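Following: one structure in structure tokens, then a few remarks.
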Amino acid sequence: MTRLELRDVRKNFGALEVLAGISLDVAAGEFVSILGPSGAGKSTLFQLLTGAIRGEGEMRFDGAPLDGARFAFMPQRDALMPWRRVIDNATLGLEVQGMKRRAARERVAPMFAEFGLAGFERAWPAELSGGMRQRAALLRTVVQQRDMLLLDEPFGALDALTRAAMQRWLETMWRSHRWTALLITHDVREAVLLSDRIYVLSARPARVVSEVAVPLPRPRTESAELAREAAAIEAGILDTLLGLADPNSRSSDGETK
Amino acid sequence: MLSRRLGRWLRARRSSIAPRKSRKTAFLRAPLCPAGHLPRKGPQGGRSAVATAITKLAPAVLSLAMLLTAWELYARFGDIAPTILPAPSRVLAQAWESRAALAENTLPTISATLAGFACSLLAAFVLSALVDFLPRLRRALFPILIASQTLPLVAIAPLVVLWFGFGLLPKILLIALVTFFPMMVALVEGYAATEKEISQMLAAMGAGRWRIFWLARLPSALPYFFAGLRISITYAVVGAIFAEYAGAAKGLGIYMLSAKNNFRPDLVLAAVAVSSALTLALFGLAVLVQRLAMPWENAKSERAGRDDKAEPSGEGRP
């Protein structure tokens with residue numbers, strides 16, 4: 001069943017064309033990634049979805065025009081509030097929805113163990129390591145119990161080793177929860193490891209240049225066989241991406257979102 | 001030199017009293033035990049905190065003592081009339097003799113300072129919030145506020161007294177004039193320093209502007225606010241004394257004026273010492289309030305201290 005459906009979504013900032021007709025769909029319980037070069041407008045797409053900005057084109061959710069609070073959004077970096085304890089960061093979305101702080105804490109507390117944060121409920125975010133902060137941020141995102149997760153390069157700010165560990169952890173978590181999720185990334189390996197399908201975007205103005213299904217069985221971290229197949233898919237995607245990048249057509253804008 | 005020796009002596013004493021369970025190992029142990037992973041300050045932490053404080057304070061105390069000694073010697077053996085430069089010992093003795101009059105004049109200064117500063121704080125908060133919601137207001141107000149900081153206090157204080165009399169109001173106004181601006185600027189800058197991603201995330205959660213202000217912008221401004229508070233609180237007592245100097249029934253300012261007119265520099269200096277002590281106490285209070293209001297800042301520095309000793313646990317499994 002298709003949940004999110006985008007048809008020919010466009011966005012210009014003045015004369016700058018950022019999104020040149022994006023069409024994609026995400027089915028219930030599906031993990032879909034949007035992969036593209038830096039500065040391709042991936043984050044603009046998320047801002048359109050969360051309603052922070054307006055664009056043209058059709059955005060539908062469960063068949064109806066997209067409205068309001070469908071998504072739980074996890075921004076780049078963790079955006080944990082340093083002045084709230086970890087548990088109060090986790091309850092933030094529930095509190096904004098109008099839940100009393102105490103009830104929200106009771107709802108969130110049992111989930112700490114699963115997110116590897118047991119015992120750190122009363123810690124300050126500054127006391128956590130990078131990986132723990134990301135898990136706390138994901139906990140804050142999923143407890144909102146929205147229809148769909150939007151993950152905006154969630155591991156981009158981590159060191160390589162922690163990032164790899166977090167990707168594996170997220171894959172495990174996703175297998176047991178089957179969230180409907182849309183992930184933005186420019187990490188090809190991350191996209192292949194986590195996704196059922198991948199939309200590859202061109203450089204700005206962004207359009208979908210290919211849609212890659214990842215038919216690998218889960219869990220995806222086990223066998224060498226799987227790793228070889230994954231590597232083949234990665235190579236294909238990289239060819240597509242690098243074939244697109246024509247250094248003469250546009251100057252590098254150095255965006256590092 | 002002396003301070004280092006003092007610190008060493010204190011450390012030696014501590015290790016001889018307490019079994020060798022240093023803070024270092026306490027930090028290493030702490031994150032491993034769940035629930036109680038926040039290192040609480042036990043009696044040992046308290047004692048070492050006192051030792052650190054003494055070690056830190058020693059240079060300041062030492063330099064002050066040297067300054068006072070030099071002054072004392074110069075005033076005593078330099079053939080200087082006490083009506084020109086009284087020795088510190090004389091200032092102290094005279095201050096003790098007139099302690100009743102000093103206290104009587106200190107209380108109105110304290111209440112004026114506190115009242116003026118409270119009003120200034122409230123005004124800074126309300127106006128900064130308004131300016132945050134209405135950027136156009138900022139453009140309208142800031143030129144006036146900056147201009148207000150160029151007014152020479154010496155000229156404006158008598159005028160304010162002339163307009164508003166000898167009561168509390170002119171003092172509140174003058175204190176607000178000198179303390180308002182640093183806090184206002186700090187708050188406005190602090191709101192602007194809110195992490196963009198936190199605001200975006202709150203908006204995606206469905207929070208409105210007021211919610212975002214309350215949940216993110218205000219707490220983000222706290223470190224800036226306290227920096228501004230520490231600056232402006234040191235102006236507050238000076239502002240009050242200026243206001244009293246220009247005209248008051250009682251207060252340190254008017255006391256200094258009449259002592260000067262009676263050729264009593266020792267009493268002027270005694271009043272100066274009282275006002276310095278007052279300012280220092282207020283500054284200390286501000287630092288204390290900051291520590292209490294922002295406990296996560298302490299956690300941050302504790303973690304920083306822990307990091308160069310050992311990799312913190314918690315990343316056992318990713």
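A, B, ... follow the sequence lines: proteins, then strands. Residue 1 opens every chain. Source: prediction; values computed, not measured. Because only heavy atoms are used, hydrogens play no part in the values below, and waters and symmetry mates are left out as well, while side chains stay in.
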Would you say [X] has more than 12 foreign heavy atoms packed within less than 6.0 Å of its [atom1]?
| X | atom1 | value |
| --- | --- | --- |
| A:L161 | CG | no |
| B:F226 | CZ | yes |
| A:R105 | CZ | yes |

*asked:* Run the side chain to side chain contact (heavy atoms under 4.5 Å, CB included) test on B:M205 and A:R140 for me, step by step, so that the C-alpha distance in whole Å, both residues' side-chain angles and the decisive distance to 0.1 Å come before the verdict.
replied: CA-CA 11 Å; B:M205 283 172 172; A:R140 178 191 60 204; 4.0 Å; yes
*Please list, in residue-number order, every residue in residues 207-218 of chain B that has a heavy atom less than 4.5 Å from any heavy atom of chain A; write 'none' if there are none.*
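At a heavy-atom separation under 4.5 Å, chain A is reached by B:A207, B:R211, B:L215, B:A216.
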*Quick one: of A:R146, A:Q134, A:R84, who has the most non-hydrogen atom pairs under 4.5 Å with chain B?*
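Of the candidates given, the most pairs with chain B belong to A:R146.
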_Would A:M81 and B:L202 count as a side chain to side chain contact (heavy atoms under 4.5 Å, CB included) here? Give the steps._
CA-CA 11 Å; A:M81 295 177 171; B:L202 280 169; 3.7 Å; yes
*Interface moiety of B:E197 toward chain A, non-hydrogen atoms closer than 4.5 Å*: both
_A:R85 side, atom CZ; B:W296 side, atom CH2 - distance, nearest 0.5 Å_ =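 One finds 10.5 Å between CZ of A:R85 and CH2 of B:W296.
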*Hey, could you give me the CG/CD distance between A:D78 and B:E195, rounded to the nearest 0.5 Å?*
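The CG atom of A:D78 sits 7.5 Å away from the CD atom of B:E195.
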*Considering only heavy atoms, which portion of A:L80 lies under 4.5 Å from any heavy atom of chain B: side chain, backbone, both, or neither?*
backbone
